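The structure appears right after this line, and notes come after that.
All values derive from a computational prediction rather than experimental measurement.
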Amino acid sequence: MDFRLSDDEQAFADSVRRFAREQLAPRALERAHASGFPRDVARLMAQQGLLGISFAPEDGGQGGTLMHAVLAIQEVAMACPRSADVVQAGNFGPIRTFVEYASEAQKARYLPGLLSGETVIALGMSEPDAGSAVTELKTRARMEGDAVVLDGTKVFSTHSPDADLFLVYARFGPGLEGIGSVLVERATPGLTVGPPAAFMSGEAWSELHFENCRVHQDNILLGAGGFRRQIAGFNVERLGNAARSLTLGRYCFERAREHAATRRQFGRTLCEFQGIQWKFADMHLKLELAQLALYQAVLSGQGGLPTAQATAVAKLACNQAGWDVANEAMQVMGALGYSRETLVEYCVRRTRGWMIAGGSVEMLKNRIAEGVFGRSFSQRAGA
(Lines give C-alpha, C1' and ligand atoms only; values in the text may rest on other atoms or scores of the structure.)
Protein backbone atom coordinates (compact mmCIF):
# COMPACT_ATOMS: atom_id res chain seq x y z
CA MET A 1 0.00 0.00 0.00
CA ASP A 2 1.34 3.42 -0.97
CA PHE A 3 0.93 5.92 1.85
CA ARG A 4 2.27 8.85 -0.16
CA LEU A 5 0.06 11.64 -1.43
CA SER A 6 -0.61 11.68 -5.15
CA ASP A 7 1.23 14.25 -7.24
CA ASP A 8 -1.95 16.32 -7.47
CA GLU A 9 -2.54 16.18 -3.70
CA GLN A 10 1.07 17.09 -2.92
CA ALA A 11 1.00 20.02 -5.33
CA PHE A 12 -2.24 21.24 -3.77
CA ALA A 13 -0.81 20.97 -0.24
CA ASP A 14 2.33 22.84 -1.30
CA SER A 15 0.24 25.62 -2.82
CA VAL A 16 -1.88 26.02 0.32
CA ARG A 17 1.25 26.00 2.47
CA ARG A 18 2.80 28.85 0.49
CA PHE A 19 -0.39 30.87 0.69
CA ALA A 20 -0.79 30.27 4.42
CA ARG A 21 2.80 31.14 5.25
CA GLU A 22 2.71 34.33 3.21
CA GLN A 23 -0.80 35.58 3.94
CA LEU A 24 -1.81 34.12 7.30
CA ALA A 25 1.24 33.34 9.42
CA PRO A 26 2.36 36.96 10.04
CA ARG A 27 -0.76 37.76 12.13
CA ALA A 28 -1.35 34.31 13.60
CA LEU A 29 -0.86 35.33 17.24
CA GLU A 30 -3.09 38.37 16.85
CA ARG A 31 -5.89 36.30 15.32
CA ALA A 32 -5.68 33.69 18.06
CA HIS A 33 -6.62 36.26 20.69
CA ALA A 34 -9.07 38.29 18.62
CA SER A 35 -12.81 37.97 19.13
CA GLY A 36 -15.35 37.25 16.42
CA PHE A 37 -15.29 35.18 13.27
CA PRO A 38 -12.43 36.32 10.98
CA ARG A 39 -14.49 37.31 7.97
CA ASP A 40 -11.50 38.98 6.34
CA VAL A 41 -9.76 35.61 6.31
CA ALA A 42 -12.91 33.95 4.95
CA ARG A 43 -13.04 36.36 2.02
CA LEU A 44 -9.34 35.86 1.36
CA MET A 45 -9.75 32.09 1.39
CA ALA A 46 -12.71 32.33 -0.94
CA GLN A 47 -10.50 34.15 -3.43
CA GLN A 48 -7.97 31.32 -3.10
CA GLY A 49 -10.59 28.62 -3.74
CA LEU A 50 -10.34 27.23 -0.19
CA LEU A 51 -14.06 27.29 0.59
CA GLY A 52 -16.19 24.50 -0.83
CA ILE A 53 -13.10 22.53 -1.82
CA SER A 54 -14.85 19.17 -2.16
CA PHE A 55 -18.20 20.57 -3.35
CA ALA A 56 -19.35 20.06 -6.92
CA PRO A 57 -18.62 22.89 -9.38
CA GLU A 58 -22.35 23.22 -10.12
CA ASP A 59 -22.80 24.10 -6.44
CA GLY A 60 -20.06 26.73 -6.63
CA GLY A 61 -17.41 24.42 -5.24
CA GLN A 62 -13.94 23.49 -6.43
CA GLY A 63 -14.67 19.89 -7.43
CA GLY A 64 -11.90 18.49 -5.24
CA THR A 65 -11.94 15.58 -2.82
CA LEU A 66 -12.31 15.25 0.92
CA MET A 67 -8.57 14.61 1.03
CA HIS A 68 -7.92 17.99 -0.59
CA ALA A 69 -10.06 19.64 2.10
CA VAL A 70 -8.18 17.84 4.88
CA LEU A 71 -4.82 18.82 3.39
CA ALA A 72 -5.99 22.44 3.24
CA ILE A 73 -7.09 22.57 6.86
CA GLN A 74 -3.81 20.99 7.96
CA GLU A 75 -1.61 23.37 6.01
CA VAL A 76 -3.54 26.43 7.18
CA ALA A 77 -3.47 25.26 10.80
CA MET A 78 0.30 24.84 10.71
CA ALA A 79 0.69 28.49 9.69
CA CYS A 80 -2.21 30.12 11.57
CA PRO A 81 -4.18 27.86 13.94
CA ARG A 82 -7.12 30.26 14.24
CA SER A 83 -7.55 30.54 10.46
CA ALA A 84 -8.10 26.78 10.25
CA ASP A 85 -11.54 27.48 11.75
CA VAL A 86 -12.43 29.26 8.52
CA VAL A 87 -11.49 26.20 6.47
CA GLN A 88 -13.64 24.16 8.84
CA ALA A 89 -16.60 26.52 8.46
CA GLY A 90 -16.34 26.57 4.66
CA ASN A 91 -15.82 22.85 4.09
CA PHE A 92 -16.51 20.57 7.06
CA GLY A 93 -19.07 22.20 9.36
CA PRO A 94 -22.84 22.44 8.91
CA ILE A 95 -22.19 23.72 5.39
CA ARG A 96 -21.24 20.16 4.41
CA THR A 97 -24.53 18.72 5.64
CA PHE A 98 -26.32 21.58 3.93
CA VAL A 99 -24.69 20.90 0.55
CA GLU A 100 -25.37 17.19 0.85
CA TYR A 101 -29.13 17.53 1.37
CA ALA A 102 -30.25 21.03 0.36
CA SER A 103 -32.71 21.61 -2.45
CA GLU A 104 -31.57 23.50 -5.52
CA ALA A 105 -33.57 26.51 -4.34
CA GLN A 106 -31.89 26.42 -0.93
CA LYS A 107 -28.47 26.15 -2.51
CA ALA A 108 -29.16 29.07 -4.83
CA ARG A 109 -30.28 31.20 -1.91
CA TYR A 110 -27.50 30.51 0.58
CA LEU A 111 -24.39 29.02 -1.06
CA PRO A 112 -23.18 32.16 -2.89
CA GLY A 113 -22.78 34.06 0.40
CA LEU A 114 -21.32 31.11 2.27
CA LEU A 115 -18.75 30.27 -0.41
CA SER A 116 -17.72 33.90 -0.93
CA GLY A 117 -16.90 34.27 2.77
CA GLU A 118 -19.59 36.90 3.23
CA THR A 119 -21.91 34.83 5.43
CA VAL A 120 -21.47 32.18 8.13
CA ILE A 121 -23.61 29.17 9.01
CA ALA A 122 -23.81 27.69 12.53
CA LEU A 123 -25.26 24.42 13.81
CA GLY A 124 -28.00 24.40 16.42
CA MET A 125 -27.78 20.89 17.88
CA SER A 126 -26.95 20.82 21.61
CA GLU A 127 -29.55 21.83 24.17
CA PRO A 128 -29.52 22.35 27.94
CA ASP A 129 -30.76 18.75 28.43
CA ALA A 130 -29.43 17.17 25.24
CA GLY A 131 -25.66 17.08 24.80
CA SER A 132 -24.15 13.67 24.07
CA ALA A 133 -27.72 12.32 24.19
CA VAL A 134 -28.63 14.51 21.24
CA THR A 135 -31.70 12.45 20.33
CA GLU A 136 -33.32 13.72 23.53
CA LEU A 137 -33.55 17.21 22.05
CA LYS A 138 -36.73 19.11 22.89
CA THR A 139 -36.82 21.95 20.35
CA ARG A 140 -40.16 21.50 18.62
CA ALA A 141 -41.08 22.06 14.98
CA ARG A 142 -44.77 22.14 14.19
CA MET A 143 -46.38 22.75 10.84
CA GLU A 144 -48.93 25.54 10.44
CA GLY A 145 -50.05 25.85 6.86
CA ASP A 146 -47.00 26.50 4.69
CA ALA A 147 -44.84 27.45 7.70
CA VAL A 148 -42.84 25.54 10.29
CA VAL A 149 -42.86 27.03 13.79
CA LEU A 150 -39.93 26.45 16.16
CA ASP A 151 -39.89 26.60 19.96
CA GLY A 152 -36.89 25.70 22.09
CA THR A 153 -33.33 26.57 23.09
CA LYS A 154 -29.92 25.67 21.66
CA VAL A 155 -26.56 26.07 23.41
CA PHE A 156 -22.83 25.81 22.66
CA SER A 157 -23.19 26.47 18.93
CA THR A 158 -19.89 27.26 17.23
CA HIS A 159 -19.86 30.72 15.59
CA SER A 160 -23.36 31.43 16.92
CA PRO A 161 -22.57 35.05 17.96
CA ASP A 162 -21.56 35.82 14.36
CA ALA A 163 -23.64 33.46 12.24
CA ASP A 164 -26.05 34.70 9.60
CA LEU A 165 -27.76 31.34 9.15
CA PHE A 166 -28.50 28.48 11.54
CA LEU A 167 -29.03 24.81 10.72
CA VAL A 168 -31.32 23.82 13.58
CA TYR A 169 -32.07 20.25 14.63
CA ALA A 170 -35.69 20.03 15.77
CA ARG A 171 -38.34 17.53 16.68
CA PHE A 172 -41.22 17.19 14.21
CA GLY A 173 -42.57 14.15 16.04
CA PRO A 174 -41.74 11.52 18.69
CA GLY A 175 -38.67 9.32 18.77
CA LEU A 176 -35.61 9.20 16.60
CA GLU A 177 -37.66 9.27 13.41
CA GLY A 178 -39.28 12.51 14.48
CA ILE A 179 -36.05 14.54 14.28
CA GLY A 180 -35.29 16.75 11.29
CA SER A 181 -33.66 20.11 10.58
CA VAL A 182 -34.65 23.63 9.57
CA LEU A 183 -32.69 26.57 8.14
CA VAL A 184 -33.28 29.76 10.13
CA GLU A 185 -31.89 33.17 9.20
CA ARG A 186 -30.57 35.33 12.01
CA ALA A 187 -33.11 38.13 11.52
CA THR A 188 -36.11 35.79 11.66
CA PRO A 189 -38.76 37.03 14.14
CA GLY A 190 -38.96 34.71 17.13
CA LEU A 191 -35.23 33.91 17.13
CA THR A 192 -33.23 35.62 19.87
CA VAL A 193 -29.45 35.29 19.88
CA GLY A 194 -28.27 35.71 23.46
CA PRO A 195 -25.18 37.60 24.65
CA PRO A 196 -21.84 35.90 23.95
CA ALA A 197 -20.30 33.59 26.52
CA ALA A 198 -16.78 32.20 26.31
CA PHE A 199 -15.23 28.75 26.40
CA MET A 200 -11.81 28.11 27.95
CA SER A 201 -10.43 28.26 24.40
CA GLY A 202 -11.58 31.87 24.03
CA GLU A 203 -14.22 30.92 21.46
CA ALA A 204 -17.57 32.57 21.96
CA TRP A 205 -21.04 31.04 21.81
CA SER A 206 -24.54 32.37 22.34
CA GLU A 207 -27.77 30.74 23.43
CA LEU A 208 -30.35 30.54 20.66
CA HIS A 209 -33.92 31.02 21.82
CA PHE A 210 -36.79 30.09 19.51
CA GLU A 211 -40.22 31.32 20.54
CA ASN A 212 -42.97 30.93 17.99
CA CYS A 213 -40.23 31.32 15.38
CA ARG A 214 -41.93 30.98 12.02
CA VAL A 215 -40.11 30.14 8.78
CA HIS A 216 -41.45 29.00 5.43
CA GLN A 217 -41.61 25.25 4.85
CA ASP A 218 -39.16 25.70 1.99
CA ASN A 219 -36.51 26.16 4.70
CA ILE A 220 -36.88 22.61 5.97
CA LEU A 221 -33.61 20.87 5.11
CA LEU A 222 -34.63 17.37 6.21
CA GLY A 223 -38.00 16.77 7.79
CA ALA A 224 -39.08 14.00 10.13
CA GLY A 225 -36.95 10.91 9.58
CA GLY A 226 -33.89 12.87 8.48
CA PHE A 227 -31.77 12.44 11.60
CA ARG A 228 -29.69 9.49 10.43
CA ARG A 229 -28.77 11.25 7.19
CA GLN A 230 -27.88 14.42 9.08
CA ILE A 231 -25.56 12.51 11.40
CA ALA A 232 -23.91 10.86 8.39
CA GLY A 233 -23.11 14.36 7.14
CA PHE A 234 -21.88 15.27 10.62
CA ASN A 235 -19.09 12.69 10.22
CA VAL A 236 -17.39 15.10 7.81
CA GLU A 237 -17.52 17.83 10.44
CA ARG A 238 -15.86 15.44 12.87
CA LEU A 239 -12.99 14.91 10.44
CA GLY A 240 -12.39 18.67 10.34
CA ASN A 241 -12.33 18.63 14.13
CA ALA A 242 -9.88 15.73 14.07
CA ALA A 243 -7.60 17.35 11.49
CA ARG A 244 -7.37 20.62 13.42
CA SER A 245 -6.72 18.84 16.70
CA LEU A 246 -3.95 16.74 15.21
CA THR A 247 -2.36 19.65 13.38
CA LEU A 248 -2.37 21.96 16.39
CA GLY A 249 -0.59 19.20 18.26
CA ARG A 250 1.91 19.00 15.41
CA TYR A 251 2.31 22.79 15.46
CA CYS A 252 3.24 22.62 19.16
CA PHE A 253 5.56 19.70 18.48
CA GLU A 254 7.50 21.76 15.95
CA ARG A 255 7.74 24.79 18.24
CA ALA A 256 8.95 22.59 21.10
CA ARG A 257 11.43 20.80 18.83
CA GLU A 258 12.93 24.13 17.76
CA HIS A 259 13.10 25.20 21.39
CA ALA A 260 14.73 21.96 22.56
CA ALA A 261 17.32 22.14 19.78
CA THR A 262 18.50 25.63 20.79
CA ARG A 263 17.65 26.20 24.46
CA ARG A 264 20.65 25.56 26.73
CA GLN A 265 20.47 24.57 30.38
CA PHE A 266 23.21 23.08 32.56
CA GLY A 267 25.69 23.64 29.76
CA ARG A 268 23.94 21.75 26.96
CA THR A 269 20.87 21.92 24.75
CA LEU A 270 17.65 20.41 26.03
CA CYS A 271 17.53 17.83 23.26
CA GLU A 272 20.72 16.24 24.65
CA PHE A 273 18.88 15.11 27.77
CA GLN A 274 17.51 11.57 27.41
CA GLY A 275 14.31 12.44 29.25
CA ILE A 276 13.55 15.10 26.64
CA GLN A 277 14.43 12.72 23.81
CA TRP A 278 11.91 10.19 25.07
CA LYS A 279 9.22 12.87 25.25
CA PHE A 280 9.75 13.67 21.59
CA ALA A 281 9.79 10.01 20.59
CA ASP A 282 6.44 9.50 22.32
CA MET A 283 4.98 12.64 20.76
CA HIS A 284 6.16 11.70 17.28
CA LEU A 285 4.64 8.23 17.59
CA LYS A 286 1.25 9.60 18.66
CA LEU A 287 1.16 12.10 15.80
CA GLU A 288 2.10 9.54 13.14
CA LEU A 289 -0.42 6.93 14.28
CA ALA A 290 -3.23 9.49 14.47
CA GLN A 291 -2.34 10.82 11.02
CA LEU A 292 -2.77 7.35 9.53
CA ALA A 293 -6.14 6.95 11.25
CA LEU A 294 -7.26 10.32 9.88
CA TYR A 295 -6.26 9.52 6.31
CA GLN A 296 -7.93 6.11 6.54
CA ALA A 297 -11.19 7.79 7.55
CA VAL A 298 -10.85 10.31 4.74
CA LEU A 299 -10.36 7.55 2.19
CA SER A 300 -13.46 5.78 3.50
CA GLY A 301 -15.41 8.86 2.41
CA GLN A 302 -13.95 9.41 -1.04
CA GLY A 303 -16.87 9.71 -3.41
CA GLY A 304 -19.38 9.98 -0.57
CA LEU A 305 -19.43 10.32 3.20
CA PRO A 306 -16.91 8.72 5.59
CA THR A 307 -18.02 5.73 7.62
CA ALA A 308 -19.07 6.26 11.22
CA GLN A 309 -16.57 3.69 12.50
CA ALA A 310 -13.54 5.10 10.69
CA THR A 311 -14.56 8.62 11.69
CA ALA A 312 -14.87 7.67 15.36
CA VAL A 313 -11.44 6.03 15.34
CA ALA A 314 -9.86 9.02 13.61
CA LYS A 315 -11.44 11.63 15.85
CA LEU A 316 -10.53 9.74 19.01
CA ALA A 317 -6.94 9.20 17.87
CA CYS A 318 -6.49 12.80 16.72
CA ASN A 319 -8.18 14.36 19.74
CA GLN A 320 -6.04 12.37 22.13
CA ALA A 321 -2.81 12.88 20.17
CA GLY A 322 -3.44 16.59 19.68
CA TRP A 323 -4.09 17.21 23.36
CA ASP A 324 -1.27 14.96 24.63
CA VAL A 325 1.32 16.44 22.29
CA ALA A 326 0.30 20.06 22.77
CA ASN A 327 0.33 19.63 26.54
CA GLU A 328 3.71 17.87 26.53
CA ALA A 329 5.18 20.46 24.16
CA MET A 330 4.14 23.20 26.57
CA GLN A 331 5.88 21.32 29.38
CA VAL A 332 9.08 21.12 27.34
CA MET A 333 8.97 24.85 26.65
CA GLY A 334 8.29 25.76 30.25
CA ALA A 335 7.20 29.33 30.98
CA LEU A 336 7.63 30.29 27.31
CA GLY A 337 5.11 27.68 26.22
CA TYR A 338 2.72 28.75 28.99
CA SER A 339 2.97 32.39 27.94
CA ARG A 340 0.37 34.04 25.72
CA GLU A 341 3.28 35.39 23.71
CA THR A 342 3.39 32.06 21.90
CA LEU A 343 0.62 30.05 20.28
CA VAL A 344 1.40 26.88 22.23
CA GLU A 345 -0.84 27.70 25.20
CA TYR A 346 -3.61 28.64 22.76
CA CYS A 347 -3.27 25.28 21.02
CA VAL A 348 -3.41 23.49 24.37
CA ARG A 349 -6.72 25.17 25.16
CA ARG A 350 -8.16 24.47 21.71
CA THR A 351 -7.17 20.79 21.61
CA ARG A 352 -8.72 20.25 25.04
CA GLY A 353 -12.06 21.55 23.80
CA TRP A 354 -12.14 19.21 20.81
CA MET A 355 -12.10 16.23 23.16
CA ILE A 356 -15.63 17.35 24.06
CA ALA A 357 -16.99 19.10 20.95
CA GLY A 358 -18.38 17.10 18.04
CA GLY A 359 -18.62 13.90 20.08
CA SER A 360 -16.74 13.43 23.35
CA VAL A 361 -13.91 10.90 23.50
CA GLU A 362 -16.08 8.74 25.75
CA MET A 363 -18.94 8.65 23.23
CA LEU A 364 -16.45 7.86 20.48
CA LYS A 365 -15.21 4.87 22.46
CA ASN A 366 -18.80 3.67 22.78
CA ARG A 367 -19.23 3.97 19.01
CA ILE A 368 -15.99 2.12 18.32
CA ALA A 369 -17.01 -0.70 20.67
CA GLU A 370 -20.30 -1.06 18.78
CA GLY A 371 -18.29 -1.51 15.59
CA VAL A 372 -16.03 -4.05 17.24
CA PHE A 373 -18.91 -6.19 18.48
CA GLY A 374 -21.25 -5.53 15.57
CA ARG A 375 -24.12 -4.48 17.79
CA SER A 376 -25.45 -1.38 19.54
CA PHE A 377 -25.18 -0.76 23.26
CA SER A 378 -27.83 1.56 24.66
CA GLN A 379 -26.57 3.98 27.31
CA ARG A 380 -30.09 4.93 28.41
CA ALA A 381 -31.33 4.15 31.87
CA GLY A 382 -33.57 1.09 31.93
CA ALA A 383 -32.60 0.01 28.42
Practice prompt. Spell out, as yes or no, whether a donor-acceptor pair under 3.5 Å connects the side chain of Asp151 to the backbone of Asn212.
Written response: yes

Practice prompt. Using atom types as modelled and distance alone, determine if a side-chain donor or acceptor of Thr311 lies under 3.5 Å from a backbone N or O of Thr307.
Written response: yes

Worksheet item: Between Ser15 and Ala11, is there a donor-acceptor pair closer than 3.5 Å when you use the side chain of the first and the backbone of the second?
Response: no

Fill in: Check against side chain to side chain contact (heavy atoms under 4.5 Å, CB included), Glu288 and Arg250
CA-CA 10 Å; Glu288 291 304 299; Arg250 193 179 297 280; 3.5 Å; yes

Worksheet item: In terms of heavy-atom contacts, does NE2 of His284 have more than 12 from other residues, nucleotides or ligands at under 6.0 Å?
Response: no

Practice prompt. Run through Glu370, Lys365, Met363 and flag the one making a side-chain contact (heavy atoms from CB on, under 4.5 Å) with Arg367.
Written response: Glu370

Item to complete: Test Arg96 against Glu237 for side chain to side chain contact (heavy atoms under 4.5 Å, CB included), laying out the working first.
Response: CA-CA 7 Å; Arg96 185 63 178 82; Glu237 181 165 354; over 6 Å; no

Item to complete: Please check if any side-chain donor atom of Asp8 sits under 3.5 Å from a side-chain acceptor atom of His68, or the reverse.
Response: yes

Discussion item. Quick check with a 6.0 Å cut-off and a 45 degree axis cone: is Arg142 positioned over the face of Phe172's six-membered ring?
Written reply: no

Item to complete: Determine, for Arg82 against Asp85, whether the closest basic-nitrogen to carboxylate-oxygen distance falls under 4.0 angstrom.
Response: yes

Worksheet entry | Arg39 and Asp164 ion-paired at < 4.0 Å | yes

Discussion item. More than 12 heavy atoms of other residues, nucleotides or ligands under 6.0 Å from CD of Gln106: yes or no?
Written reply: yes

Discussion item. Can you see whether Thr97 engages Glu100 through a side-chain donor-acceptor pair at a distance of less than 3.5 angstrom?
Written reply: no

Worksheet item: Between Glu203 and Arg350, is the closest basic N to carboxylate O distance under 4.0 Å?
Response: yes

Worksheet item: Looking only at atom types and distance, does a side-chain atom of Ser157 sit under 3.5 Å from a main-chain N or O of Ser160, one as donor and one as acceptor?
Response: no

Worksheet item: Roughly how far, to the nearest 0.5 Å, is the SG atom of Cys347 from the CZ atom of Arg255?
Response: 9.0 Å

Worksheet item: Any donor and acceptor pair, going by atom type alone, linking the side chain of Asp162 with main-chain N or O of Gly36 inside 3.5 Å?
Response: no

Fill in: Expected output: side-chain Glu30 to main-chain Arg27 donor-acceptor under 3.5 Å
no

Worksheet item: So, Gln291 and Gln74: side-chain donor and acceptor under 3.5 Å apart, yes or no?
Response: yes

Practice prompt. Could you tell me whether the side chain of Gln379 and the main chain of Phe377 form a donor-acceptor pair under 3.5 Å?
Written response: yes

Worksheet item: Looking at side-chain heavy atoms only, is the closest gap between Gln265 and Leu270 below 4.5 Å?
Response: yes

Worksheet item: Would you say the side-chain atoms of Asp14 and Gln10 include a donor-acceptor pair closer than 3.5 Å?
Response: yes

Fill in: Atom CZ of Arg17 with >12 non-hydrogen neighbours under 6.0 angstrom
yes

Discussion item. I'd like to know if Lys107 and Asp59 make a salt bridge, using a cut-off of under 4.0 Å between side-chain N and carboxylate O.
Written reply: yes

Discussion item. Grouping I, L, V, M, F, W and Y whenever their side-chain heavy atoms are under 4.5 Å apart, do Val120 and Phe98 come out in a common cluster?
Written reply: yes

Discussion item. Can you confirm whether Trp354 sits close enough to Arg244 that some side-chain heavy atom of one is under 4.5 Å from a side-chain heavy atom of the other?
Written reply: yes

Worksheet item: In terms of hydrophobic clusters joined by side-chain contacts under 4.5 Å, are Val325 and Trp323 together?
Response: no

Practice prompt. Verify the distance criterion only: is there a donor paired with an acceptor across the side chains of Thr139 and Glu127 at less than 3.5 Å?
Written response: yes

Practice prompt. Examine the side chains of His209 and Glu211 and answer whether a donor and an acceptor come within less than 3.5 Å of each other.
Written response: no

Worksheet item: Any Lys/Arg nitrogen of Lys279 or Asp282 sitting under 4.0 Å from an Asp/Glu carboxylate oxygen of the other?
Response: no

Worksheet item: Val298 and Ile95: same hydrophobic cluster, using ILVMFWY side-chain contacts below 4.5 Å?
Response: yes

Worksheet entry | Glu345 bridged to Arg349 by N-O distance under 4.0 Å | yes

Fill in: Side-chain (Asn241) to main-chain (Gly358) donor-acceptor, under 3.5 angstrom
no

Worksheet item: Parallel, tilted or perpendicular: which describes the rings of Phe266 and Phe273, with under 30° parallel and over 60° perpendicular?
Response: perpendicular

